[in-house]
Every structure is written in C-alpha cells, then in structure tokens.
Amino acid sequence: MLWTPWLVLLLCSGAANGEEQADQANQRSSSPKGSSLPEELNFGFVPAAVYDTHAYYEPGAIGLLFHMVHAFLYAVQPNNFPSDLIVKVMQQNMGGIKIEELRKPENVVLLLQGIYYEAGFLICSTIGLLFIVLTPIIGTCFCICRCCENCGGEMHQRQRKNADCQRGVYTASLIAASIFICLGVFISYTANHNVSSQIKSTRRLINTNLRDLKTLANNTPSQVEYLTAQYTTAKNKVLLDLDNIGPLLGGRIHKQLEKDVVPTLDNALRMAGAMRESKEALESVSSSLEVLQEGTSKLQNSLSGERASLSNTLSDPACTNGAVSPTCNNIRSTLDQLGISADFSKLSNVNHALENVNNVLKTDLSNIIQKGYSSFNDTPKLVKEQTRNIVAALPRVKAMLDKIGSDITNFAKRFPIEGALTNFTIFLNQNHKDIEAYYPQIDQMDFYRWIGGVVILCMVVLILAFNLLGLLCGTCGYDKQATPTTRGCLSNTGGNLLMAGVGFSFLFAWMLMALVTALFVVGGNVEKMVCEPLANRQIFKIIDTPFLVHPAKKNFLPGMLFQNPNIDLTIGSMYRECYKNSGLYHALHLDTLFDVNSFLNMTVYNKDVSKILEGVQVDLRDVSLLDQVGRENLLNFANSGLGHIDYPAYLAELNKGVTLVDLLSFSADLEAQADNLPRGALENALKGHASSIRQIHREQVLSLEQGMKFVKARSTMTQSVKKLQKGSAELPVKVSNILSAIDAAEYLITHNASHVVKKETKAYTESLVGYFRQYTNWVKNSLSEEVAQCKPISNIVDSVEIVACSFIMDSVNTFWFGLGGCCMLLIPSVIFSVKLAKYYRRMDTEDVFEDSTVLPRLVTHRNSRKRPGKLELSLNEMTSPKTLGRHDLL
C-alpha cells in the first residue's frame, strides 16, 4: 500500500523523462563544428516540498553518562561488529535451526566464534550470576554466624591503642562508599527520568514524520504536473525559432561565410584608403619639390656668380708675383667648393603618377565595396524570402507539437495518481489517529515504569538512609570517655542502624543484581548488535547481502517491491539517496522498470519537424562582393606609376646639406689668406669677396636651413616619399591577391553555398531538437533530485534510531550501569558497616586494666544483659604468665 503511489509517480513522470547526459555529449559531437549551441531555456523551479522533521538528537549533559556507558560496553565488548558471522549463521540456518545440525563442524565453528564475540558479556554475566547466588547464601551464613556470637556477633569489644584510628578509617571508607552509591542512584534516576522526558520528543518525531509523508504525497501531483507543463516552454521556443528562420538560419550561414568574405572586403577597403593616402602623399611631394627647387635655384645662381667674380679677381696680374702666386693658387683650388649640395632640380616630378591616381579616384571604390558589404549582410533577408514555405508550414508544425504535448498529458492522466495518493493520505491520517489513541496508554505505562524504577532505587536509598543515619547517630553520640558498656543511646542507635543497613543490603542486593544482569545482557547486546551497526549503517550490509533471504533471490528490497530481485537496489543505497534528499525515482532505481526512451522517441523527438527542414533551399548567387568597375579601379591603381618613382634619389637629396662647404668657414679662410698678401687692391678685393660670401650665407643659406617654409617642405617631403615607397612596394601583387581573394569568396558563395546551407540547416535543426533535449534532461534531473524527494524515508530510519537507541536503550543501559555500580559498592558498604557498628553499639562486656605496683589486674565487669554460660577468668588465670602475655599484647 505504501509503495503504490511511488510506482504510479514513476509512470506519470516517465512520460517526461529525458535521455542520459551521454546523449547530450553525442548531440555536441554530432553538431557541426563552429555552430553555436542552442540557447539555454529557463524552466523555472519545481515546487519544492518543505519537510519539518529534523532527525538529530543532542542529549546534552546526560550525554556524558551515555558516553561513559558506551566506553564501558566497549571495554566489555571491543570486537568489531560480526557481520560476516551473522550472514553465515543466517545462510546456513535458512531453513530453520535443527538440533541434529548443531553438531556439524561448520555450526560448531560458528558457535565458537559467537562465544568468542560474546566473551565479555558472558564473563560479566557469570560474575552477576555468582553475585546473585552467593549473596543470599553469604547473608544467611553471616546471620547464623552472628547469632552464634561469631563473625562479630559477640557483644564484647577489646580495647586497642589504635581504636580511634580504625574507627576513623572505617567511617571515611563507609562515607566514600555511600557517596559513590549516591552517585550511582543519581545516575540511575537520571536515566529513568530521561525516558519519561523524551516521550514528548518521541511524539514530536512521530507527528513530524507523518506530516512529512503527507507533504510528500500531497506535493507530488503538483510537481509532476509542473514537469509536464514545462513542455510548453520548449515548444514555444521551437515555434519562435521557426517563425524567425530567416534571421536565425541566415545568421548562421552569414556567420559561416563571413570568416572568408569579410577579411577580403576589409583588404579591398584598406586599398581604397591607400589610394587616397597616395594622392595626398603625391601632392605633398609635388608642392614640397617646387619650394625646394625654387630656393636651391636662387642659391645656385648666387654662388655661381660669386665663384665667377672670385675667379676673375684671381686672374689679376698681381697673382703672378712669386710671393703671391702660392696664395692665389690655393684660393683658386677651392673655388669648386662654392656650390649647392642638394640639387632638387635633378629630381623628376611626380605629376604623371599624381594624374593617374586622380583618375583612379574619380571612381568611388569605397562606395562600391560598401555595396559588397550590404549585399553579403543581406543574407538573412535573402534566406527569409527563400524560406517562406517553412513559415507557411508553421501552423502544421504547431499542430504536431501540440499533439506531442497532448500525448504527454494523456499518458500522465491514464494513471490514477491523485486517487492513489489521496488514499495514501487517508491511510496516514487513520494511522496517525490510531497512534494518538495509544498515547494515554503509553503515558500510563511510562508512569508505571517510572514508579518501578523509583521503587527499585528506593531499595538502595533505604540502605543509604540506614548508613547515613547510622553514621550521623554514631558520630554525634560517640563519647571517647565512655567505655563500650556505658555508651549512650544515640551511639548505640547508630550502630544498630548500620547493622540494619547491612541486613537490607543482603536482602536487596541479589534482587537488584538479578535485574542489573538481565538488563545488562539485553541492553548491552542490543547496543552492540543493533544500535551501533544502525548508527554506522553496517546493519544495511547484512540486510543487503545478496541471496541472504532466499538462495534464488539476489536482492531483498526489489524482490519485495517489484517482484524482481535482480534489480541493483539495496536498502543501504536507498537510504543514502534519501538521506541526500534525492527523488524517489532515483532512489528506487525506477528507471530500470520502464523504457522511457522509447516513449520519448515516439513523442518528443518527432521526425516530421526534421523532414520539413530538410526541404530548405537557399540560393546565394545574387550576392556580389565587387563589380567590374571596382576591379578595373584596383587594376588602374596598381598601374598608376607609383612603383616607377625613384624614391632613393629623393631620399638621397633630402639627406644632403644645403652647400658643399660651410660658407662662413670658407669666407674666414679667404680673409686669412688675404691677410697674408701685401696690402693693395688684391687684398681688398679678396676681403670683399669674403664679405659677399657671408652675405649669401646669411640671406639664403640660413633661410634654407632654418626657415619654416623650407624646413616644413623637407620634412613633409621626407615623410611622403617614405610612405609612397612603402605603399608602392609590390602594389600589383597586393591588388592581384585582393582580386583573387574576392573571386574565391564569390565562388564560395555561388558554388559552395549549398554545402554551407546544408551544414547550417542541420545545425539549426539540431538546435531545435536541442530545446527538447534540454527539456528531457531537465525532467531527468528534476526526477532524480527534486520530484518526490524522499528525505522523509531516511528521517523515519533516523527517528527510529533516535527513539529506540538514544531515547530508550541509552537510558536503560545508563540505568543498569548506575544500579550495578550501587550493587557492587554494597559489598564494601557491608564490610565497613559491620566493622564500624562495633564502635558505636553498647557492648555487654568490656576489658578494664588497673595499674598496681606488681602486676596489672584484669577485672571483668558484667552488666545485667550478661549472657548465661559466659566464661569468667579467675584471679589465678588472670595472673598467669600466658594470660598476662596475651593481655599485654592487647
């Protein structure tokens, strides 16, 4: 009855179960490389069930007593849990235990192993049984012995020098024993009361566990309904993508082609920019060349005139004089230095190349390339126009998808899950009421149990009362000056109370020990054989042992639930999954009972949608990246003559100085040589030439070297020449490569687009199927982790462990532990009470010593309570050496 709802839950949820994660990996591997994965869908959150049970128990201060008892049991039984031994015993005696089979060697070995495991309990139990048997026997013999005035029954106390010391030792020992007995009583009472105090916690655990089971039953239908309803999310996403097939499929095709097309158009666009930059550079070179040619031409004329004038001066007859002739020859040899260094008039102009580039730029190549961009970017629009048949078939696809959703819903409705869960809830309510009806009886029984425990402890308390009252009366009434026969009534009462405590000790001790032994054997073995294995889950290993219950049935749990013992399902695995709050579908391995994938292949993964998309035909032959005008423009630019310009000559002239020699230095040398000549017209003429050279340097050379106009012209010309030199390097090859790349891209679009279209159509179809795959995987994960979370099942196991072991067995074991300690401490209590009572009770006879000058005389006093037949010492006996020697020793 309990498992029926869960089986129904599987059937209802199985309709939405997805493939394994390996299918998702296969989907990734089968999708085209480079295609994007489908958009991740948001299915929301499954309505979660909130459970109230917190199966955790913290005993508090009494936990120290529990740990102490556990330590004692570990000392008694330190062996590991004998799981293998239990399994062998159960398997060998599966048909029942027969007397004749006990003699078999294998059973004898198992018996010896069991005795070895229980050795600690057997030894302690034997000690308890000896205590139970010997205590009444010893008590009876002790009473008879005292009645015969032996064993301390003689009402005569001999005087000893260390009597006070002995009395103090006996008193302290009895007090210590009584304190430990009080501690044992306190431990037992605490354990006895703990059981009663945990009754409320037990009720709370029962109520919360039943409430959690109701929550599990009530929330499961809404969770399953939510799973089936979320199919609409995947369906709507598929319909939306089909409606936008143009932008989506066209975008995929565009993305696949753009890695080949866009870089080519980018290179062509950069080449159009290079045309404009080349024009600007050529114009800069042309204008700068005119400025520099103008400046250097004027300087060349001035230097040429000065050189001719200086040559005429040196032709003067005065230079033929022998003393002047060397100087004139030296000056004449330096006349060639008066000239310009950078002669820009030798450079050819760039007007022809500039004219060609201007003609090329009359065609707007950038606009032509932008048209190529636009034509390629219109691919999604082109795909949309050519896939109108797919959009037209959208109502038919929607109808197919709606039918799939209806199939899932109808499949779920075929199972009466709500009715079954309603019956299960009624069953829980009825059982809850039945359990609550037993609460008064449980309280009454617990009260009787508590009274019984208190009565048992009162036996020990009665003995303690006699001991404590005897110690109080004896100690308070004790008088050191009084002789044993003259002790007071209070002291005598104390001794009698101590002896009464001894009597009740013999009367109750064996009965208490019988109870302790019985509780020890039962409670200790339950703790070691049930509670500890349940706490560390080793008990599941025994229950889950294959073929334990029946030789033909491998696993116990699936054989009981599903009549299929071969399913790999164990109680331990189910508990672990439920402890992690997994779904019942995963915890019970229900996927092994139903072939959900076949249902999904027939419903969710409908092949009709794929057939519709197989008919997609996209023609991209209308896409043009660069027309014939653009191609001719690029070729004209390549043949514009930029590569025929002598750039090294330009750079060489630009790197030269203005003049061949520093004119200031030349004029200074000229004046120095003129100073070496005799004074006269020649000297003055040479100095005039030096002054003219300085004026040329000042007015023209400095203008060319430092004037803003000429400096800017040189700088601009240098930059432009270098830019042209760099841009024109292998220009025809670059243009040819661009045109070849454009041809290749257009060929790819025109002739190989069908392959790209097929590949991207397949990827597009996979993305649509991927939405359903996401849905089925989400359902699979939800069934495993969120639907019908079986935490209440593990909570029931944990609650049983808490109630049976923590609440009851720990308290029972602590009770016998404290009571057993009391019983063992009664032995020294009896001994010390008997010894101490001699010092408090009033004696019938006593020993008195009288001092004399010769020998001490022993006088024996008799009071009115003298027993007949008492031996009296005569004077001769008292004065005999033997007697004197004995009394001297006393």
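All values below were derived from every heavy atom in this structure, side-chain atoms included, with hydrogens, water molecules and symmetry-related copies excluded.
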Determine yes or no for a side-chain-to-main-chain donor-acceptor pair under 3.5 angstrom, with [X] supplying the side chain and [Y] the backbone.
X: Thr53; Y: Thr208; value: yes
X: Gln774; Y: Leu41; value: yes
X: Ser782; Y: Trp778; value: yes
X: Asp446; Y: Ile442; value: no
X: Gln789; Y: Glu785; value: yes

Got a sec: does the [atom1] of [X] have more than 12 other heavy atoms crowding it under 6.0 Å?
X: Lys541; atom1: NZ; result: no
X: Asp434; atom1: CG; result: yes
X: Met68; atom1: CE; result: yes
X: Tyr116; atom1: OH; result: no

> Which of parallel (below 30°), tilted (30 to 60°) and perpendicular (above 60°) describes Phe520 and Phe121?
Replying inline: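 Rings of Phe520 and Phe121: tilted, as their planes differ by 30° to 60°.
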
Does the side chain of [Y] come within less than 4.5 Å of [X]'s, by heavy atoms?
X: Asn218; Y: Phe424; value: no
X: Gln198; Y: Tyr57; value: yes
X: Leu210; Y: Ile206; value: yes
X: Tyr117; Y: Met529; value: yes
X: Ile62; Y: Thr814; value: no
X: Asp241; Y: Tyr771; value: yes
X: Phe772; Y: Lys237; value: no
X: Leu519; Y: Val516; value: no

Atom of [X], atom of [Y] and distance for their closest heavy-atom approach:
X: Asp568; Y: His589; result: O-ND1, 2.8 Å
X: Leu569; Y: Ala587; result: CD1-O, 3.3 Å
X: Phe815; Y: Ala191; result: N-CB, 3.6 Å
X: Asn209; Y: Ser799; result: ND2-OG, 2.9 Å
X: Tyr231; Y: Tyr775; result: N-CE1, 3.3 Å
X: Ala75; Y: Pro78; result: O-CD, 3.9 Å

Any chance you could measure [X], atom [atom1], to [Y], atom [atom2], to the nearest 0.5 Å?
X: Thr570; Y: Met574; atom1: OG1; atom2: CE; answer: 9.0 Å
X: Leu216; Y: Cys790; atom1: CG; atom2: SG; answer: 8.0 Å
X: Asn219; Y: Thr215; atom1: CG; atom2: OG1; answer: 6.0 Å
X: Asn431; Y: Ile426; atom1: CG; atom2: CD1; answer: 12.0 Å
X: Lys200; Y: Arg204; atom1: NZ; atom2: CZ; answer: 12.5 Å
X: Leu111; Y: Ile115; atom1: CG; atom2: CD1; answer: 4.0 Å

> Under the side-chain contact (heavy atoms from CB on, under 4.5 Å) criterion, do Glu801 and Asp798 qualify, and how do the steps go?
Replying inline: CA-CA 5 Å; Glu801 177 194 354; Asp798 295 337; 4.3 Å; yes

What side-chain donor-acceptor pairs closer than 3.5 Å can you find for residues 802-811, not counting sequence neighbours?
unit_1	atom_1	unit_2	atom_2	d
Asp810	OD1	His70	NE2	3.0
Ser811	OG	Asn194	ND2	2.8
Ser811	OG	Phe807	O	2.8

For a quick check under 3.5 Å, do [X] and [Y] share a side-chain donor-acceptor pair by atom type?
X: Asn79; Y: Gln77; answer: yes
X: Tyr56; Y: Glu58; answer: yes
X: Glu225; Y: Thr228; answer: no
X: Lys214; Y: Asn429; answer: yes
X: Tyr579; Y: Asn795; answer: no

>> For Arg576 and Ser582: C-alpha separation, side-chain torsions, deciding distance, then whether side chain to side chain donor-acceptor pair (under 3.5 Å) applies.
In response: CA-CA 9 Å; Arg576 286 190 296 271; Ser582 299; over 6 Å; no

>> Please tell me whether Tyr226 and Phe45 form a close aromatic pair, meaning their ring centres lie under 6.0 Å apart.
In response: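 Aromatic pair excluded; centres sit 6.0 Å or further apart.
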
>> Before you tell me yes or no, could you show the steps for Asn525 and Val521 under side-chain contact (heavy atoms from CB on, under 4.5 Å), namely the whole-Å CA-CA distance, both residues' side-chain angles and the distance that decides it to 0.1 Å?
In response: CA-CA 6 Å; Asn525 279 283; Val521 172; 4.0 Å; yes

>> Pair Lys791, Asp212 - check side-chain contact (heavy atoms from CB on, under 4.5 Å), show working.
In response: CA-CA 9 Å; Lys791 185 66 175 178; Asp212 288 347; over 6 Å; no

>> Regarding Glu436 and Lys433, does a basic nitrogen lie under 4.0 Å from an acidic carboxylate oxygen?
In response: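 Looking at Glu436 and Lys433, the cut-off is not met.
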
> Is it true that Asp443 and Arg203 make a salt bridge, defined as a side-chain N closer than 4.0 Å to a carboxylate O?
Replying inline: yes

> Taking it one step at a time, do Val46 and Gln230 satisfy side-chain contact (heavy atoms from CB on, under 4.5 Å)?
Replying inline: CA-CA 10 Å; Val46 178; Gln230 286 306 307; over 6 Å; no

